[in-house]
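Side-chain atoms are counted along with the backbone in the values below, which use heavy atoms only and exclude waters and symmetry mates.
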Amino acid sequence: LTFDTEVTDVGGCHSTSANTDRLTAPVAGWYRFTFEISLVASSGGNFRIAGVFTGAGIVSQAVYPVTAYASVWQCSGSVQLAAGEYVNCYVFQDSGGNLSTNAGIGQCSAFFEKVC
């Protein structure tokens with residue numbers, strides 16, 4: 001997923017013009033990320049959110065059933081990053097057709113913080 005709006009970005013962890021799918025560590029350390037995603041309603045299937053570390057593999061993932069009601073789902077994790085490394089959010093679903101995300105703050109959000 002890409003994120004096109006920022007509420008707060010202390011330290012320049014995200015850009016709204018280049019690599020909008022990344023949350024980048026400005027300095028080395030342990031980081032906690034949380035992705036919150038809302039898909040439009042569907043009649044069935046499953047939905048998976050995955051946090052991926054610099055393309056190297058899944059750090060954390062969550063699997064949810066796709067429901068007849070739009071809901072907000074979450075995936076969180078912690079990862080040790082060197083300066084310049086990043087995490088991305090990937091979303092997979094198998095309802096049998098394309099599903100859009102619900103736009104807006106609180107619908108599709110990314111949170112990223114250095115914890116030590």
Side-chain angles (χ1 to χ4, degrees):
L1 285 180
T2 60
F3 298 93
D4 62 1
T5 304
E6 295 176 348
V7 175
T8 303
D9 184 5
V10 177
C13 299
H14 177 262
S15 171
T16 58
S17 61
N19 298 316
T20 60
D21 62 332
R22 297 179 180 182
L23 299 175
T24 303
V27 297
W30 278 92
Y31 287 82
R32 176 133 179 103
F33 62 88
T34 301
F35 297 113
E36 293 180 347
I37 308 301
S38 176
L39 289 181
V40 298
S42 178
S43 60
N46 289 302
F47 165 71
R48 180 172 60 144
I49 307 170
V52 177
F53 154 61
T54 312
I58 294 173
V59 174
S60 176
Q61 67 178 329
V63 179
Y64 301 97
V66 177
T67 67
Y69 304 98
S71 299
V72 176
W73 294 284
Q74 187 178 86
C75 174
S76 297
S78 296
V79 64
Q80 188 173 16
L81 299 172
E85 291 183 318
Y86 56 89
V87 293
N88 303 90
C89 178
Y90 289 90
V91 177
F92 308 92
Q93 60 86 20
D94 62 3
S95 68
N98 294 335
L99 294 179
S100 298
T101 56
N102 288 313
I105 295 172
Q107 299 293 320
C108 292
S109 302
F111 302 94
F112 190 60
E113 65 180 331
K114 186 173 185 298
V115 292
C116 67

Atom of [X], atom of [Y] and distance for their closest heavy-atom approach:
{"X": "Gln80", "Y": "Glu85", "answer": "O-OE1, 4.4 Å"}
{"X": "Pro26", "Y": "Cys13", "answer": "CD-SG, 3.7 Å"}
{"X": "Arg22", "Y": "Tyr86", "answer": "NH2-OH, 3.3 Å"}
{"X": "Ala82", "Y": "Ala25", "answer": "O-CB, 3.8 Å"}

Residues forming a side-chain contact (heavy atoms from CB on, under 4.5 Å) with Ser76, sequence neighbours excluded: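 Result, side-chain contact (heavy atoms from CB on, under 4.5 Å) vs Ser76: Arg32, Thr34, Gln74.
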
Taking a hydrophobic cluster as the set of Ile, Leu, Val, Met, Phe, Trp and Tyr residues connected by side-chain heavy atoms closer than 4.5 Å, whether directly or through intermediates, do Val87 and Val27 fall within one such cluster? yes

Might you work through the ring pair (Phe, Tyr, Trp, His ring centres under 6.0 Å) test for Phe35 and Phe33, ending with a clear yes or no? CA-CA 7 Å; Phe35 297 113; Phe33 62 88; 5.4 Å; yes

Using a 3.5 Å distance criterion without hydrogens, assess whether the side chain of His14 forms a donor-acceptor pair with backbone atoms of Thr24. no

Given side chains that start at C-beta, do those of Cys89 and Cys75 come closer than 4.5 Å, heavy atoms only? no

For Asp21, what residues pass the side chain to side chain donor-acceptor pair (under 3.5 Å) criterion, not counting sequence neighbours? Asn88

